[in-house]
Amino acid sequence: MFHVPVAEAKILIQLMDEGLPYLQRNHEALARVAGVDFSLEPVELCGRVLGDLGLPEAVANPLVAKSFEANLAVRDQQDLLNS
């Protein structure tokens, strides 16, 4: 069984909490880009979302594209973190 010391666990929880607004920001960008258009290919969707976020397309990779594609299932949910 994996054990994380309490002090380290608190730091990990804090870091995850600090990352939540970034997930929401990504979600909102995806909703803006995808809208109701279900025809975008994953690579095109990824590039457009990254552009909306002000990030270069050079950071695109299959994992990022799949993450955005998976998020399409909840794109109508305004607040990703509080359903």
Side-chain angles (χ1 to χ4, degrees):
M1 180 175 207
F2 185 71
H3 174 74
V4 177
V6 173
E8 289 180 20
K10 287 180 181 180
I11 292 170
L12 290 173
I13 291 169
Q14 177 185 348
L15 290 171
M16 289 189 299
D17 285 345
E18 290 172 2
L20 294 176
Y22 292 101
L23 292 176
Q24 182 64 36
R25 182 174 160 237
N26 292 349
H27 175 71
E28 291 167 0
L30 178 105
R32 279 191 300 275
V33 168
V36 293
D37 185 357
F38 290 90
S39 66
L40 292 175
E41 293 293 322
V43 172
E44 183 179 0
L45 175 68
C46 183
R48 287 187 186 185
V49 173
L50 291 173
D52 188 87
L53 291 167
L55 298 170
E57 285 192 33
V59 299
N61 63 57
L63 180 60
V64 172
K66 276 295 197 187
S67 296
F68 288 147
E69 187 179 20
N71 190 255
L72 287 172
V74 293
R75 70 173 150 192
D76 293 333
Q77 188 174 324
Q78 286 187 347
D79 188 345
L80 183 63
L81 308 173
N82 299 306
S83 51

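Values reported hereafter were calculated over all heavy atoms of this structure, with side chains retained and with hydrogens, waters and symmetry mates removed.
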Undergrad: Using salt bridge (charged side-chain N to carboxylate O under 4.0 Å, His left out) as the criterion, list what pairs up with E28, not counting sequence neighbours.
TA: none
Undergrad: Please tabulate, for the side chains in residues 12-23, all donor-acceptor contacts under 3.5 angstrom to protein atoms that are two or more places apart in sequence or on a different chain.
TA:
residue: Q14; atom: NE2; partner: E18; partner atom: OE2; Å: 2.9

Undergrad: What is the minimum heavy-atom distance between A60 and C46, and which atoms define it?
TA: CB-SG, 3.8 Å
Undergrad: For K10, which residues count as a salt bridge (charged side-chain N to carboxylate O under 4.0 Å, His left out) partner, sequence neighbours excluded?
TA: none
Undergrad: Which pair of non-hydrogen atoms, one from G35 and one from R75, has the smallest distance, and what is that distance?
TA: O-NH1, 3.3 Å
Undergrad: I'd like to check the side chain to side chain donor-acceptor pair (under 3.5 Å) partners of N71; sequence neighbours left out, ordered by chain and number.
TA: H27
Undergrad: Give every residue pair that meets the salt bridge (Lys or Arg N to Asp or Glu O under 4.0 Å) criterion with at least one member in residues 38-66, sequence neighbours excluded.
TA: R32-D52, E44-R48, K66-E69
Undergrad: If you link I, L, V, M, F, W and Y whenever their side-chain heavy atoms are under 4.5 Å apart, who else ends up in the same group as V49?
TA: L30, V33, L40, L45, L50, L53, L55, V59, V64, F68, L72
Undergrad: Could you identify which residues cluster with L63, counting Ile, Leu, Val, Met, Phe, Trp and Tyr as linked when any side-chain heavy atoms lie under 4.5 Å apart, either directly or through a chain of such contacts?
TA: none
Undergrad: So which heavy atom on Q78 is nearest to which on Q24, and how close?
TA: O-NE2, 2.8 Å
Undergrad: By salt bridge (charged side-chain N to carboxylate O under 4.0 Å, His left out), which residues pair with R25, not counting sequence neighbours?
TA: none
